[in-house]
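First comes the structure, then the notes that go with it.
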Amino acid sequence: MRFPRRRTLLLASLAAASLALAADAQAPAPAPGAADALTGPRGRLGRDWIGARQVASTVPILVMAGHADSQKIPGSGTSGYSVDIRGARPMQPGIRDELYWNLEVARRVVQLGRQRGLNIRFYDPPARTIINGDDPRTNWSVGKAHAEAGGYALEIHFDAYGPDGIGSGVIPALHRPLSSLDESLAVAFGGYPLRFRGGLGGPKRGITLLEIGKLEAPLEPALRNPRSRDQALAVISERVVAALEAGLGRHRLVAAPPPVSAHGAVGLAPTQQ
């Protein structure tokens with residue numbers, strides 16, 4: 001009860017974002033670096049690609065949680081600002097906070113997608129630490145096989161906090177034509193350069209990565225606060241599923257809600273990406 005006004009504004013912003021996602025908005029997407037009410041800044045680097053290949057409406061979609069097989073080894077994901085800087089307890093002992101939220105979002109996206117009739121499933125590795133990235137049980141191996149069979153492989157991530165993080169956005173799979181699913185997710189979340197950091201392990205194997213946002217304010221407090229957690233996860237999941245539906249040709253591309261002031265639901269004019 002220490003900050004009742006801030007808490008009320010947060011909940012109001014989340015509700016406004018949810019309503020905006022339900023509408024078939026035609027406003028241009030925010031520019032790189034523009035702040036979103038919930039997920040924070042879009043990737044400041046921008047993108048140099050367009051996903052033009054229309055995929056079939058029945059394409060099988062595989063959703064995975066980033067770092068689900070690489071805990072307690074290099075590449076385990078970010079712990080987030082709250083744990084690293086403020087000394088908060090991890091959301092779940094034994095795993096990084098990024099993986100905790102990756103799992104929450106991935107599972108909800110698949111659940112919601114199935115309710116909406118998408119051909120979508122979730123893969124969770126049988127172990128949280130698999131040393132060999134090419135082990136057949138890893139996200140990389142399962143995602144690569146799914147993509148090679150003609151499916152769409154998507155791995156959910158949260159970006160690092162502070163200057164090490166870039167912001168929300170899509171890092172598309174390499175070595176295949178960029179698709180309408182890549183494009184619609186980039187409209188909703190922003191995009192990274194095609195060969196970000198020379199090409200990451202997932203994209204090199206045909207897996208598209210989706211950075212939901214930096215694990216810091218405003219996103220991380222909305223997730224950690226029990227009063228706003230479910231609504232925040234619902235808004236994120238709806239945004240992902242709506243983008244997937246658009247990429248499958250079920251409706252027109254939907255832009256993310258316009259940026260909102262940190263001091264309240266004050267809309268800023270969106271600019272063309």
Side-chain angles (χ1 to χ4, degrees), residues 43 47-70 75 77 99 102-103 105-114 116-127 130 132-159 168-212 237 239-250 253:
R47 59 179 171 130
D48 53 1
W49 53 271
I50 295 176
R53 178 177 61 88
Q54 181 62 52
V55 299
S57 61
T58 57
V59 66
I61 300 171
L62 175 68
V63 180
M64 301 171 289
H67 311 291
D69 50 23
S70 59
L99 174 56
N102 291 346
L103 288 165
V105 171
R107 288 171 174 149
R108 288 172 184 247
V109 164
V110 170
Q111 181 181 30
L112 181 60
R114 285 177 172 170
R116 305 258 269 266
L118 301 187
N119 183 6
I120 190 169
R121 67 181 178 94
F122 173 62
Y123 175 71
D124 192 14
I130 302 176
N132 181 4
D134 291 321
D135 183 296
R137 302 170 297 168
T138 63
N139 280 2
W140 280 359
S141 295
V142 173
K144 179 181 179 181
H146 183 81
E148 288 179 343
Y152 185 78
L154 177 66
E155 193 173 68
I156 302 295
H157 287 264
F158 283 76
D159 201 12
S168 68
V170 174
I171 307 171
L174 301 171
H175 313 311
R176 63 164 173 76
L178 299 174
S179 75
S180 54
L181 287 170
D182 299 320
E183 181 67 21
S184 60
L185 286 167
V187 169
F189 288 91
Y192 281 54
L194 183 61
R195 295 193 173 273
F196 176 66
R197 292 179 180 168
L200 301 179
K204 285 182 176 179
R205 291 165 171 82
I207 303 166
T208 289
L209 310 187
L210 174 59
E211 297 281 0
I212 301 297
S237 301
R239 190 179 297 180
V240 176
V241 172
L244 293 175
E245 289 180 313
L248 296 172
R250 293 191 170 198
L253 291 177

Between A153 and G206 the two heavy atoms that sit nearest each other are CB-O, 4.2 Å
Go through the side-chain N and O atoms of R107 and S237 and say whether any donor and acceptor fall under 3.5 Å apart. no
Yes or no on side chain to side chain contact (heavy atoms under 4.5 Å, CB included) for I156 and M64, after CA distance, side-chain angles and deciding distance? CA-CA 6 Å; I156 302 295; M64 301 171 289; over 6 Å; no
Test V170 against W49 for side chain to side chain contact (heavy atoms under 4.5 Å, CB included), laying out the working first. CA-CA 11 Å; V170 174; W49 53 271; 4.1 Å; yes
Residues forming a salt bridge (charged side-chain N to carboxylate O under 4.0 Å, His left out) with D135, sequence neighbours excluded: R137
Are any non-hydrogen side-chain atoms of D182 and Y152 less than 4.5 angstrom apart? yes
For residues 53-61, dump all side-chain donor-acceptor pairs below 3.5 Å to protein atoms at least two apart in sequence or in another chain.
residue : atom : partner : partner atom : Å
R53     : NE   : P177    : O            : 3.4
R53     : NH2  : P177    : O            : 3.4
Q54     : NE2  : S180    : OG           : 3.4
Q54     : NE2  : G247    : O            : 3.0

Are E148 and H146 close enough that a side-chain donor and a side-chain acceptor fall under 3.5 Å? no
Under a 3.5 Å distance rule, please check whether H157 uses its side chain to pair with a backbone N or O of N102 as donor and acceptor. no
Roughly how far, to the nearest 0.5 Å, is the CD1 atom of I207 from the CG atom of L174? 11.0 Å
Checking S184 side chain against A246 main chain: does a donor-acceptor pair fall under 3.5 Å? no
Donor-acceptor contact below 3.5 Å, side chain E211 vs main chain S168: no
Looking at T138, D134, N139, which one forms a side chain to side chain donor-acceptor pair (under 3.5 Å) with R205? D134
Is T208 close to E155 at the side-chain level, that is, under 4.5 Å between some pair of heavy atoms? no
Exercise answer: donor-acceptor pairs, residues 186-196 side-chain atoms, under 3.5 Å, sequence neighbours excluded:
residue : atom : partner : partner atom : Å
Y192    : OH   : D159    : OD2          : 3.3
Y192    : OH   : G167    : O            : 2.6

So L154 and L62, side chain to side chain contact (heavy atoms under 4.5 Å, CB included) or not? Walk me through it. CA-CA 6 Å; L154 177 66; L62 175 68; over 6 Å; no
Dump the intermediate steps for side chain to side chain contact (heavy atoms under 4.5 Å, CB included) on I120 and L244, then the final yes or no. CA-CA 10 Å; I120 190 169; L244 293 175; 4.1 Å; yes
